[in-house]
Amino acid sequence: MSQPLLMGIVNATPDSFSDPQGEKSLDALVGRAHELAEAGAAIIDVGGESGRTDREPVPVAQERARVVPLIERLAADGLTVSVDTWRAPVARAALAAGASIVNDVSGLSDLDVAVACAEAGAELVITHTRVPPKVKAFPVYDDVVADLIELLSERAKAALARGVDDRRIVFDPGIDIAKTPAQSVELLRRLPELAAALNGPLLVAVSRKDFVGALTGRTPAARDAGTLAAVGFAADGGAG
């Protein structure tokens, strides 16, 4: 790639940490996706469950009901759609609805997600985390970058063994996922090291994250400037 691709986030949830709270209509979500695409987003990432650890996991049926109608609309409009989920039944339903990427923030905790991607010929994003989904914890790392390379390489082998094409695996260092702000900053500083060690593109998700708040002292809604700085730094460091 001559330049990184931008991913726009559409939260089909009422409780995102950075969005206005409350239910959103399908038309409003579709409109938001098109605004992001017109602003330059090459991929629209749809999520039906907030990553917040102070909320219980939503039932599979509810998560599926939130994302499938939205993905169907966006895919029909010709947008490239990814689904943010760690559960295979939701991944399968999303891929059937027209998504072409599964963005698994759980570190492939459910290996059947890889099977679903292999069957659909979809791309798979594997995120670094040592903590189960919806759990807040901060493991101790001797070297967070070395741990990241070890775990993502292991998870990639598991995905390959289940039929995922190696050209369709994307790695996410998991900024702020089971990591302190200082560890997230260290990952950003050492992105070139990760890019060289991992045989695949890096997806770096920094939008309004906690580390930006720790550096700026700002609430999520006021972190756009810090987000832009982090996006630029990640792009310079090798994010794809």
Side-chain angles (χ1 to χ4, degrees), residues 1-10 33 36-37 40-47 67 71-72 74-129 145-175 177 187-188 190-207 231 234-240:
M1 293 176 288
S2 59
Q3 62 183 25
L5 301 177
L6 286 172
M7 174 182 277
I9 310 300
V10 177
L36 293 170
I43 303 165
I44 302 298
D45 189 62
V46 172
V67 301
I71 292 170
E72 287 175 341
L74 301 183
D77 290 342
L79 300 183
T80 299
V81 182
S82 67
V83 62
D84 179 340
T85 189
W86 51 275
R87 295 187 278 203
V90 178
R92 281 195 163 86
L95 292 170
S100 55
I101 306 166
V102 175
N103 182 12
D104 179 0
V105 297
S106 76
L108 206 54
S109 60
D110 181 354
L111 289 171
D112 200 31
V113 168
V115 176
C117 288
E119 292 172 349
E123 291 184 270
L124 171 63
V125 180
I126 306 174
T127 302
H128 175 272
T129 179
V145 173
D147 192 272
L148 190 148
I149 293 168
E150 177 186 0
L151 180 64
L152 290 184
S153 297
E154 171 194 311
R155 298 284 81 190
K157 288 179 182 177
L160 292 171
R162 283 156 182 81
V164 179
D165 188 322
D166 63 351
R167 295 167 297 180
R168 296 187 178 277
I169 294 177
V170 178
F171 298 106
D172 184 338
I175 300 292
I177 300 178
L187 286 177
L188 282 173
R190 296 174 66 184
L191 276 182
E193 188 178 334
L194 297 178
L198 295 171
N199 185 27
L202 295 179
L203 168 64
V204 183
V206 295
S207 182
V231 166
D236 289 343

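The first residue of the sequence shown is numbered 1, and numbering continues consecutively from there. Just so it is clear, the model here is predicted, and its values are computed rather than measured.
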side-chain contact (heavy atoms from CB on, under 4.5 Å), that's the test. Do V145 and L194 meet it? Break it down for me. CA-CA 7 Å; V145 173; L194 297 178; 3.4 Å; yes

Run the side-chain contact (heavy atoms from CB on, under 4.5 Å) check on V67 and D84 step by step: do they pass? CA-CA 9 Å; V67 301; D84 179 340; over 6 Å; no

Start with the C-alpha gap between V206 and L188, add the side-chain angles, then the distance that decides, and say whether side-chain contact (heavy atoms from CB on, under 4.5 Å) holds. CA-CA 10 Å; V206 295; L188 282 173; 4.3 Å; yes

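Atom CG of residue L36 and atom CD1 of residue I44 lie 5.0 Å apart, to the nearest 0.5 angstrom. Taking CG from L187 and CD1 from I177, the interatomic distance works out to 11.0 Å, rounded to the nearest 0.5 Å. Interatomic distance, CZ of R162 versus NZ of K157, reported as 13.5 Å (0.5 Å rounding). Rounded to the nearest 0.5 angstrom, T127 OG1 and L152 CG are separated by 8.0 Å. Here T80 contributes atom OG1 and E123 contributes atom CD; the two are 9.0 Å apart, rounded to the nearest 0.5 Å.
At least one side-chain heavy atom of I169 sits under 4.5 Å from a side-chain heavy atom of L160. Looking only at side-chain heavy atoms (C-beta outward), L111 and R155 come within less than 4.5 Å of each other. Looking at I126 and D172, their side chains never come closer than 4.5 Å, going by heavy atoms from C-beta outward.
Listed for the R168 side chain is no donor-acceptor partner under 3.5 Å among the backbone atoms of A122.
Annotation for D166: atom CG counts as buried by contact number, over 12 foreign heavy atoms lying within 6.0 Å.
The one candidate from V102, L198, V125, I101 that meets the side-chain contact (heavy atoms from CB on, under 4.5 Å) condition with V170 is V125. Partner of I9 under the side-chain contact (heavy atoms from CB on, under 4.5 Å) criterion, out of I43, D45, V46: D45 alone.
The closest side-chain donor-acceptor pair between S82 and N103, if any, does not fall under 3.5 angstrom.
Within the structure, salt bridge (Lys or Arg N to Asp or Glu O under 4.0 Å) contacts touching residues 101-112 (residues at least two apart or in different chains) are R92-D112.
The side chain to side chain contact (heavy atoms under 4.5 Å, CB included) check on A118 picks up V164, with sequence neighbours excluded.
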